[in-house]
Amino acid sequence: MKPQRRSPMPLVSLLFLLAWLVLLSAGCAKRDQNTARATGNVLHLFNWNNYIAPETVDRFEAFCNCELAQDYYSDNEEMLAKLAAGAAGYDLIIPTGNAMDTLIRQGALRPLDKSLLPNLRNINPAYLDTAFDPGNKYSVPYAYTLTLLGFNQEKIKELGLPTDTWAIIFEPKYLEKIKGRVTVLDSQRELMAAALKYLGYSVNDADEKHWKEAADLIVRAKPYWAAFSNTSYIKELAVGNLWLAHGYSNDMFQAALDAKRTGRRFKIGYSTPKEGAVLALDSMVLPQSGNRPGFAHQFMNFMLDGKNSAELTNLIGSGNPNTDAMQYIRPEIADNEAIFPDTETLSRLEMLHDLDRRQRRRLSRLWTEIKLR
């Protein structure tokens, strides 16, 4: 006897069933998240804003059956200040090299167990064994940015201005053509580094005479600048209000993308000055106050996987020290030398080192004089 053919489910019943399945799925997800929190399977990450792709978070939470809880900071000084004020319980932090100097000196970090980090082999040796952490006892490279020049290609070309030198933000003969259309970073270390590089010194030069030269250079150029800015230059470049900005490579990537998406009649270009620039390497570290070092090592090794690491670069245009990630990075990003510098350019880049107390006080006074003059 042939099996009887079942009549199709009525549309109303089908829609009800689909809605019920969606609600059930959401309830299960909520219960899973609540279960992770109730069982203590929560990894606490202190991170820069927008510094991990949402899909990466989802995949990690599924991988470890845990929840990734994030708090954010906008710069290293804010992060260090919060920790100094008593913020604790973070399992992972992602500081920049010069801030890591401070954390290591304070004894605030837990040494790594490299037996739990087999994917560490994916890191380009050029980003290992740094001055701030010889032998990578405490840190795992995560991502990096370059501090460089971003500019409106059409306007700068029309005015015949160079884009391969810090002279364009310091020399009046160039600045008078773009007065009020330029911003520089509101960062004493970064702006002083650019000035020092232009003068032929290291970004870590601490000679007070050289600092005075750099400060005088900044004060001379200051009347031509529209502002000291750490964030607004992204939007202002993208809409055409700014023609030139001193800023970070991933921000310039975002400005170029925004200008293209909104159909602007100009392009945002960016370049690394021939005198050299700052490379800021951000790394994953384990604070002593963290409660889940096992989960933290899982997260580190997970982020050292090439595909997971590449998602951040594809999202924000950050530089990537992970060689395995290159196969997953979009070609237009991987081929951009302002994000992935060639060997010759890399030789002209420096990482900022930490300053001692006396140097910090001196630089703070100098910075106050710069702002007031």
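Computed from a predicted model, the values in this text were never measured in an experiment. Throughout, residue positions are numbered sequentially from 1 according to the sequence presented.
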Verdict with reasoning, Phe340 to Asn320, per side-chain contact (heavy atoms from CB on, under 4.5 Å): CA-CA 8 Å; Phe340 291 96; Asn320 200 313; 3.9 Å; yes
Answer yes or no: is there a side-chain heavy-atom contact under 4.5 Å between Asn322 and Thr313? no
Test salt bridge (charged side-chain N to carboxylate O under 4.0 Å, His left out) on Asp216 and Lys212; report intermediate values, then the result. CA-CA 6 Å; Asp216 289 344; Lys212 181 63 166 56; 3.0 Å; yes
Count the heavy atoms of every other residue, nucleotide or ligand shown that sit under 6.0 Å from NZ of Lys222, and state whether that count exceeds 12. yes
Main-chain N/O of Asp356 paired with Gln359 side-chain donor or acceptor, under 3.5 Å: yes
Salt bridge check, Asp186 against Lys371: does any charged N sit closer than 4.0 Å to a carboxylate O? yes
What one should report as the nearest heavy-atom pair of Glu208 and Arg362 is OE1-NE, 3.8 Å
Residue pair His297 / Leu117: nearest heavy atoms and the distance that separates them: O-CD2, 3.6 Å
Using a 6.0 Å cut-off, check whether atom NZ of Lys114 has over 12 heavy atoms from anything other than its own residue. yes
side-chain contact (heavy atoms from CB on, under 4.5 Å) filter on Pro223, not counting sequence neighbours, yields none
With a 6.0 Å cut-off on ring centres, are Trp48 and Tyr72 close enough? no
I'd like to know if the side chain of Glu350 and the backbone of Val278 have a donor-acceptor N/O pair within less than 3.5 Å. no
Among Tyr142, Tyr51, Tyr144, find the residue that satisfies the side chain to side chain donor-acceptor pair (under 3.5 Å) test when tested with Asp282. Tyr51
Could you check whether any side-chain heavy atom of Tyr198 comes within less than 4.5 Å of a side-chain heavy atom of Glu171, counting everything from C-beta outward? yes
Can the positive tip of Lys82 be found less than 6.0 Å from the middle of the six-membered ring of Tyr73, inside 45° of the ring normal? no
Determine the sole option in Asn98, Asn204, Thr102 for which the side chain to side chain donor-acceptor pair (under 3.5 Å) test with Asp354 is passed. Thr102
Verdict with supporting geometry, Tyr201 and Asp207, side chain to side chain donor-acceptor pair (under 3.5 Å): CA-CA 10 Å; Tyr201 305 127; Asp207 186 309; over 6 Å; no
